[in-house]
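Worksheet: the structure to be examined is printed underneath.
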Protein chains: 2
Amino acid sequence: MRGPGQRAGLSREAVVSAARAVLEQGPTLSMRAVAARLGVAPNALYSHVEGRDGLLDAVLDDLLGALALPAPDTDPAAGLTEVMTASHELLLSHPGLVPHFVARQGARGENAQRLGESMRVLLARAGVDDRAAQDTAIRVLVTHAIGDAAVAASPDGGPVPVDELRASYATGLGWLLTGALPRS
Amino acid sequence: MRGPGQRAGLSREAVVSAARAVLEQGPTLSMRAVAARLGVAPNALYSHVEGRDGLLDAVLDDLLGALALPAPDTDPAAGLTEVMTASHELLLSHPGLVPHFVARQGARGENAQRLGESMRVLLARAGVDDRAAQDTAIRVLVTHAIGDAAVAASPDGGPVPVDELRASYATGLGWLLTGALPRS
DNA sequence: ACCTGAACACCGTTCAAGT
DNA sequence: ACCTGAACACCGTTCAAGT
């Protein structure tokens, strides 16, 4: 009910917000679904967002911005468990983001970097000073979260219940941390 | 150049084989590409295979059937490393299979079960007798392989080179195994 | 600058036919 | 039983226009 040239009052924020809403409803995000929710033609989104991938990037970093960072004085192992569990839960509750997160090899937004830095601090406090060793540890931990979330995000529910996956994630995370951190 | 009713001489094997060829070429598998390679209408495949997911299942188990099982007398940790590394390499060389593998929460074909059984034997020989503990260990190991392969399978090559991902996979695998297996 | 309409080049899958 | 043609219901994205 709007001709060419009539403004719809869109904004980048509104588009990202609508995308989040679409992802709450169903497991996948399509441009056309976001546009429909905004009462707008599909191609209208391209004035505010760099295609579907750009939109998913924005949504992902938006969600990561809401994650709580561990307190500066927490025990390193506890802090790392905290961050990784929170990230894992975030992915579990937004399955539609997982394939994109996977394709992007982890997030690359500013909030993702903020999380990465906080992990570096914790690792350093645990005695992992070498930057390459920190990289490896972070990559292994993030990959574990991505892999588990990806498996859990299977649309049909899958043969393995989510609770068991959550439990095995915690077990694996513990094994990885004792491997990554020097003995105290 | 074939009218309705004329046979094309297709078979399930031919379809699976064509699908493998398509996956060698590019990162994704579409029904229409497989059909084109066979010189056949897209819907002709449905006489031999249960849709795209069924076809991917068949291709995956076909590939798993070619994996070598560890010798019965190998050291458990070495054997598990062997199986998991081989599975990981398989996924690395067939990125198009990874999203499906992820969605299926690991393979469920007969060759996949064969691999699972051999892992159980190795775990038991290492002292992991409890079946639930074996399940957890296998799930963690498989998830690690899936997660790493999924990250490595990113289409654009991604910011992290495959060699580094392969190295961090090995590191993580080592951490997980020392966590999973009782101290010797 | 922002939005629309129409189009392009794809998908997987189904259905009614033909032999 | 096996295959085709046509169609359905989708995709993401681009391009030329309109204000």
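Proteins get letters first, then strands, A, B, ... in listed order; numbering begins at 1 in each. These values consider heavy atoms only, across backbone and side chains, with no hydrogens, waters or symmetry-generated copies.
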| task | State, to 0.1 Å, how close A:P70 and A:L122 come at their nearest heavy-atom pair, and which atoms those are. | result | CG-CD1, 3.8 Å

| Which heavy-atom pair separates A:T143 from B:G147 by the least distance, and what is that distance? | CG2-C, 3.5 Å

| note | Stems field, DNA chain C, Watson-Crick or wobble, 3.5 Å, at least 3 pairs, by first number, holds C:4-8 with D:12-16, C:12-16 with D:4-8

| DNA chain C-proximal residues of residues 9-23 of chain B, any heavy atom under 4.0 Å | none

| query | Going by heavy atoms closer than 4.0 Å, what residues in residues 44-56 of chain B are next to DNA chain C? | reply | B:Y46, B:G51, B:R52

| Applying the 4.5 Å side-chain criterion to the ILVMFWY set and letting contacts propagate, would B:V121 and B:I138 be lumped into a single cluster? | no

| request: Nearest 0.5 Å please: distance from the CG atom of A:L64 over to the CZ atom of A:F101. | output: 6.5 Å

| remark: Interatomic distance, CG@B:L60 vs CG@B:D62, rounded to 0.5 Å, equals 9.5 Å

| task | Take A:L141 and A:M119 through the side chain to side chain contact (heavy atoms under 4.5 Å, CB included) test and state the conclusion after the steps. | result | CA-CA 10 Å; A:L141 291 173; A:M119 290 178 72; 4.0 Å; yes

Compare all side-chain heavy atoms of [X] with those of [Y] and state whether any distance is below 4.5 angstrom.
{"X": "B:L80", "Y": "B:L181", "value": "yes"}
{"X": "A:D57", "Y": "A:H100", "value": "yes"}
{"X": "B:P182", "Y": "B:V128", "value": "yes"}

| Expressed as a whole number of Å, how far does the P atom of C:dA9 sit from that of D:dA9? | 23 Å

Let me know the distance between [atom1] of [X] and [atom2] of [N], rounded to the nearest Å.
{"X": "A:L29", "N": "D:dC11", "atom1": "CG", "atom2": "C1'", "result": "12 Å"}
{"X": "A:R32", "N": "C:dC10", "atom1": "CZ", "atom2": "P", "result": "15 Å"}
{"X": "A:M31", "N": "D:dC10", "atom1": "CE", "atom2": "P", "result": "18 Å"}

| request: Using the side chain to side chain donor-acceptor pair (under 3.5 Å) rule, collect all pairs that involve residues 36-52 of chain A, keeping only residues at least two apart or in two chains. | output: none

| Any donor-acceptor N/O pair, B:W175 side chain to A:G179 backbone, under 3.5 Å | yes

With the criterion being N/O to N/O and under 3.5 Å, what pairs connect the protein with nucleotides 16-19 of chain C, and how long is each?
{"from": "C:dG18", "atom 1": "N2", "to": "B:G5", "atom 2": "N", "distance (Å)": "2.9"}

| message | Which residues pass the side chain to side chain donor-acceptor pair (under 3.5 Å) test with A:R166, not counting sequence neighbours? | response | A:E89

| task | State whether A:E117 and A:R114 are salt-bridged, where the test is any N-O pair (Lys NZ or Arg NE/NH1/NH2 against Asp/Glu carboxylate O) under 4.0 Å. | result | no

